[in-house]
Amino acid sequence: MSEEELARAVAARQPRHTGLGLDAEKLQRMYRHMVLARALDRRMWVLNRQGRAPFVISGQGHEAAQVGAAAAMRPGIDWLAPYYRDLAFCIALGMTARDFMLGVFARACDPSSGGRQMPSHFGLRRARIITTSSVVATQVPHAAGIAYAAKARRLDEVVVACVGEGSTSKGDWHEALNFAAVHRLPFICIVQDNDYAISVPHRLQMGVETVAERARGYGMAGATVDGGDVLAVYEATRAAAARARAGEGPTLIDAKVARFTSHSSDDDQRRYRPREELEALLRRDPIERFRNYLMDEGLLSEAADEDLQLECTAEVDEAVTEAEAAHEPDPADLERHVFAEGS
Amino acid sequence: MSEEELARAVAARQPRHTGLGLDAEKLQRMYRHMVLARALDRRMWVLNRQGRAPFVISGQGHEAAQVGAAAAMRPGIDWLAPYYRDLAFCIALGMTARDFMLGVFARACDPSSGGRQMPSHFGLRRARIITTSSVVATQVPHAAGIAYAAKARRLDEVVVACVGEGSTSKGDWHEALNFAAVHRLPFICIVQDNDYAISVPHRLQMGVETVAERARGYGMAGATVDGGDVLAVYEATRAAAARARAGEGPTLIDAKVARFTSHSSDDDQRRYRPREELEALLRRDPIERFRNYLMDEGLLSEAADEDLQLECTAEVDEAVTEAEAAHEPDPADLERHVFAEGS
Amino acid sequence: MAVKTLIEGVREALAEEMERDERVWVLGEDVGRKGGVFLATEGLHGRFGEARVLDTPLAESAIVGVAIGAALNGLIPVAEIQFADFIHPAFDQIVSEAARIRYRSNGDWACPIVIRAPFGGGVHGGLYHSQSVEAFYAHVPGLKVVIPSTPADAKGLLKSAIRDPDPVMFFEHKKAYRLVKGEIPDGELLTPIGPAQVRREGASLTCVAWGLMVHHCLEAAEAVAADGISAEVIDLRTLRPLDTGTILRSVEKTGRALIVHEDNLTGGFGAEIAAVVAQDGFEHLDAPVTRVAAPDVPAMPFNHPQEEAFLPNPEKIAAAMRKLAVY
Amino acid sequence: MAVKTLIEGVREALAEEMERDERVWVLGEDVGRKGGVFLATEGLHGRFGEARVLDTPLAESAIVGVAIGAALNGLIPVAEIQFADFIHPAFDQIVSEAARIRYRSNGDWACPIVIRAPFGGGVHGGLYHSQSVEAFYAHVPGLKVVIPSTPADAKGLLKSAIRDPDPVMFFEHKKAYRLVKGEIPDGELLTPIGPAQVRREGASLTCVAWGLMVHHCLEAAEAVAADGISAEVIDLRTLRPLDTGTILRSVEKTGRALIVHEDNLTGGFGAEIAAVVAQDGFEHLDAPVTRVAAPDVPAMPFNHPQEEAFLPNPEKIAAAMRKLAVY
Ligand SMILES: Cc1ncc(C[n+]2csc(CCOP(=O)(O)OP(=O)(O)O)c2C)c(N)n1
Ligand SMILES: Cc1ncc(C[n+]2csc(CCOP(=O)(O)OP(=O)(O)O)c2C)c(N)n1
Ligand SMILES: [Mg+2]
Ligand SMILES: [Mg+2]
């Protein structure tokens, strides 16, 4: 058996995460982020039904795509131009349960907007998560601009922009990807393709199976990944980040995911999605899938998982209590921050 | 020799245009359109230098792409959403020399706009050439809409939209191509790639050699053709039109052309294009190339060509005389046609 | 004659016009199977099919641009922009294209399209689901701008808009959709675009408003009536073309003008009305032309206290009426 | 102190600020080797290189959107939109994004960008190379809107705009670029954004204008002086924030207000000024607030007779002054 053959044989027997250079601790942290995000997400729906949160919008089903991508980023160094489903992404980059719940209750110290924006309109300066509007795809040119500045200033920074597949139909998305490709920017666009734009199905949104087909037309790298497989998304994003940092330009990643909930608390997906489809969805839970992987690899025990669930529930409880008790914004502050203060 | 081999042998000996089903008369008409367009174009620059036309913008170098495409269309049935370089295209679809010069002099009976728009902002209702603005790429969604209506109304119509390669960077271009692809519309987008958007070179405009690479990403057919070869453009457009009429959806054609003149009379391309590049251009005259083909095929004699040149010059002279003598728009009509009259 | 909601008026207009004329084509995001996020197009997809009630890709500029093209080839598109806040990406297609097709072609081409969009706040919509955008379009020659405030007008004006030979911007106040009820006459209802409507006669002052604000003004008028102030309330209904006659006749009678809108104060359409009154009603004015509007901050916050603080309401309007009446 | 053109003022401001601060980044279509279609950026590409004087793809929304992003990561972008007529595709990025970055993040993020665009007509630009677009942006909270009318202000105000911590729309009248000459003081010139400037003192009436119209008003003022009419001419310079103090103080003195703009009348920014004067200057008004503006047609035609008919000019303004003075 030659050295080479031996190495290959070892690699073959080695677990996927080891091949990806991920250690147990990191995997457990990733799993925790997914579990916490799911717990927060579930709780916000409860709060909505209880009339304590007037509007909620969800990331359930997208967690693996988001946490897998975040795991390939350097928090505080790399940037995220998020969209409203990126709860798990933001948690993974350092947003706390309390930060999030302050937004759900639109409290004065909500770090995203001081209660000015709808919940899940994420922004967190300390984590380099930029402020975003409701107008889809507008953040993609911003991400390209951040990347241009990073390149111009010779900073070793990678910028990730997230959108849904429907948002790729917008002109801004095209203009941004073209700009990023022309300048070979350290830019990654992750499309979270959940087959629907509210009620509009994929077939009425685009004429291709995967939007990753568009990468070549811009002159950038493209990849389609199973967004339910956290390791696959990590691998694709890590490769994209490596390309970005090596000056080899941007990447377009299409992550196929499932939207478990209705579009938002104002929607009822049973109006436009067949029951069988909805039932099939539940068999695509990315968290369960990761849990099974960790257990198979002996990195998670039933007991440890139960503890984790309880821990996260407690964290959510505490966040809700604190956030709900926090001050509402002061009407007197309505006209603040239109322009720089004292300018 | 088998039937088949014989057929192939014959085909091999057959001139290109016969293979394309083009007869001598049609070829001569195509050539005439190119020559007339060039003569009109040259004259408008003279008028500009003489101070008789305040602004001109040119199609010199694009004639083969335009006339080749027009030859695959059915005037009065198929639609054109043109752009400002499409003089030869419009001539081929039925715009007269006089029609054009009325626009150059901004006369009241200019059929494009009654002298309201800049010259070369083409529109000709009787020829199904739609009215266009100066805002590039805005006509591409219009073309998609015309095609949607044709399909909805079960009309056998094909819609062609033209833009320059720079205009493909616009969001509207992307949104229109995506829409056309989703609905498999009888839509053809012809990009006339002359390497520049005013002074912005191709390398700063897009990260790919040919924008036809984007076709696949929309789920439509794509082709790159030598825009200096009128027969090649005819062949590509004919195939696209056949697809469109067969319900097989849209096509994106990238026609590589040369921009002989400065962008417009307000520009001087010597400021940003190297002299060698400008000299090389002149060796790419599509009209000369077609002339040589016709002569080689014995479809045009020196004498016939001279007659044609004289004929076209006379036609241009007459058009200029008539147009210049025509009435200017009446200031009293300034407020007409803001809304339907009598509504 | 039956009492219905404003959104029912919209729905009836669409259904009747689609029934009447097969060229009428509804397009927009989620207008199909879902029936629109506010259910304005509910039932149309099942009744008229996907081709005539089309769920478009998520691309507002294309929604308008494609509608323009379809109009050039014989359809009568009625485009829905899901929220007025998301109409901005289509600004160029509306302002540079739709509004100018006829003018720039010297009358050779026309653009008979309707663009519907829900606007306005007070529904916890936050910065991007609450905006008033009428001022941008009321400034554009070539466009008509209509804003109904009653179920009957929603129906009658929308039907007229669909039959109009030119582009019409049709803005519907989303809070009024179900809040505002009223009778809709049976049978064909075509309310002309242009004329304003005096909703309440009065002698002390003239109050001009549109959309939900009309109802706030009527409430305020009732409130100040107790103090002997009789406010005339004009529901503009059409912002462009503007019915200056009705406004000026009223000011001639009252000598006082109060303009109310939910949009930000500076550069809002109230400024145009104030300018017209100040120029052509000068001789009759006994007091300054007054505006009640939202403060100059970028749209209303999501949180309740600041949303409340942002919005004009009957109390704020009544206070302005009292101040103006005693000037 | 040397006599220069308005566009030289623009060019000097850009060069000096790029020299002073390496974060300043110029981007736009043809701003590089060509130096811009009006040569406003001439020489910058050679001096500062392609990375800092970038020819962008033909995509206005991206020009603004990328500028916003670059500002979030430490650059100070100065974006050129080739003609104001082509700014509409970027409307959403300017109104929904740039104007709200600070507000929606409760002050956590800022957007220090400048968007320059040549506007205005009288240069045979036709429908799409002649427009005035200031009214759209002067309505948007979160934006500052600046329009210089002299070479010195072009330089001093642009330098202030580049140093401003918030987004500034900077519109330059393209006909004034070379037509308007004036002295530019040597050395550092920072003209504050906000204050208007009285260009001519007068007692009979107050004339408010911006851009090229300021010069037409001054010409008209000279013309009517012969008839004993002394017109005060205010150059607004900044439309947002609006210097109401300077306007109202002048109206208090003259009792008469004339507002002149090249933009269409209805919903133009003149309406806001008229509304402010009508509300806060009411006590001092001896005559109707009057507006001279372009008619309500979609932009000015290319052909000379109709372009002339469209544009306000010294004659039309003088006529309005005479009418107002004798009211
Ligand atoms: C420009 C714009 N148009 C419309 C909307 C309303 N809207 C919010 S989310 C959404 C669907 C987005 O679908 P997709 O991009 O696939 O993301 P997903 O919600 O499926 O994750 C729409 C139409 C918006 N926010 N912005
Ligand atoms: C939206 C918009 N931005 C800018 C312009 C100004 N402009 C006119 S033509 C042109 C270049 C177009 O280049 P391309 O699309 O390659 O067409 P070409 O002129 O080379 O044939 C530009 C920037 C415009 N007309 N519209
Ligand atoms: Mg989706
Ligand atoms: Mg080109």
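Within every chain, numbering begins at 1; the chains are lettered A, B, ... in the order of the sequence lines, protein sequences first and strands thereafter. What you are looking at is a predicted structure, and each value in this text was computed from that prediction instead of being measured.
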Among D/Ala138, D/Gly268, D/Ala90, the residue with the most heavy-atom pairs under 4.5 Å to chain C is D/Gly268
With a 4.5 angstrom heavy-atom cut-off, which part of C/Glu60 approaches chain D: side chain, backbone, both or neither?
neither
Considering only heavy atoms and a distance below 4.5 Å, find which of C/Ala135, C/Ala257, C/Gly270, C/Ala271 pairs most often with chain D.
C/Ala271
Side chains of C/Pro301 and D/Tyr103, heavy atoms from C-beta outward: is any pair under 4.5 Å?
yes
Under 3.5 Å, side chain of D/His88 to main-chain N/O of C/Asp92, donor-acceptor pair present?
no
Toward chain D, the part of C/Arg240 with a non-hydrogen atom under 4.5 Å
side chain
Contacting moiety of C/Pro295, where chain D heavy atoms sit under 4.5 Å:
neither
Need one label for C/Asn106: side chain, backbone, both or neither, based on atoms under 4.5 Å from any heavy atom in chain D.
neither
Counting only non-hydrogen atoms closer than 4.5 Å, does C/Ala99 touch chain D with its backbone (N, CA, C, O), its side chain (CB onward), both, or neither?
backbone
Check whether C/His139 reaches the backbone of D/Thr266 with its side chain - one donor and one acceptor, N or O, closer than 3.5 Å.
yes
Is D/Val297 close to chain C through its backbone or its side chain, or both, or neither, when contacts mean heavy atoms under 4.5 Å?
both
Taking every non-hydrogen pair under 4.5 Å, which of D/Gly142, D/Pro141, D/Ala299, D/Ala274 racks up the most with chain C?
D/Pro141
For the candidates C/Ile94, C/Ile87, C/Asp263, C/Asp85, which exhibits the highest count of non-hydrogen atom pairs separated by less than 4.5 Å from chain D?
C/Asp263
Could you walk me through whether C/Phe136 and D/Val140 pass the side chain to side chain contact (heavy atoms under 4.5 Å, CB included) check?
CA-CA 10 Å; C/Phe136 294 122; D/Val140 178; 3.9 Å; yes
Part of C/Tyr327 lying under 4.5 Å from any heavy atom of chain D:
side chain
Is C/Tyr128 close to chain D through its backbone or its side chain, or both, or neither, when contacts mean heavy atoms under 4.5 Å?
side chain
Side chain from CB out, backbone as N, CA, C, O: work out which of these in C/Val276 comes under 4.5 Å of a heavy atom of chain D, or both, or neither.
both
State the CD1-CD distance between C/Ile259 and D/Gln279, to the nearest 0.5 angstrom.
8.5 Å
Given that the side chain runs from C-beta out, which part of C/Leu285 has a heavy atom under 4.5 Å from chain D: side chain, backbone, both or neither?
both
